[in-house]
Amino acid sequence: MRTISATDRRLGRHVGALLCVAALALLAARALVWSALGLELLAAAFWWWARAASDADRQLARWGWLRRPPGALWLATAIVAAVPAGMHGAGLWR
């Protein structure tokens with residue numbers, strides 16, 4: 001268990017809040033790339049908040065699952081980029 005100063009806690013809360021606002025703005029975008037980046041920033045915001053908590057070890061384990069949705073969205077972005085535009089209407093993609 002580590003100790004964290006009040007200044008570090010305050011910094012963690014502020015950075016987390018800024019990341020969350022940026023994440024929500026990016027999630028409003030229509031492009032998959034911006035949405036994936038928005039989810040990454042949302043996960044980073046929770047990571048900062050977890051690191052700033054008094055029980056950081058427990059909180060980091062609690063919010064670790066937030067890394068999975070951005071990974072899935074990055075995979076979807078790569079698939080859409082890799083598949084030719086005409087293939088989206090084909091039988092496999094319906």
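Numbering of residues begins at 1 and proceeds along the displayed sequence.
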_Side chain proximity check, S35 to L26, heavy atoms < 4.5 angstrom_ = no

*Nearest-0.5 Å distance that lies between atom CZ in R67 and atom CG in L39*: 10.0 Å

*asked:* If I take atom CG from residue L27 and atom CG from residue L37, how far apart are they, to the nearest 0.5 angstrom?
replied: 9.0 Å

*Do L11 and L18 belong together in a cluster built from hydrophobic side chains that touch within less than 4.5 Å?*
no

*Transitive ILVMFWY side-chain link V21 to W47, under 4.5 Å*: no

Compare every heavy atom of [Y] with every heavy atom of [X], then report the nearest pair and how far apart it is.
X	Y	answer
A53	Q59	CB-CG, 3.8 Å
A23	L41	CB-CB, 3.7 Å
A50	L60	CB-CD2, 3.8 Å
L66	A43	O-CB, 3.5 Å
G16	A45	O-CB, 3.2 Å

*Classify the angle between the aromatic ring planes of F46 and W49 as parallel (below 30°), tilted (30 to 60°) or perpendicular (above 60°).*
perpendicular

_Residue W34 excluded, over 12 heavy atoms near CH2 under 6.0 Å_ = no

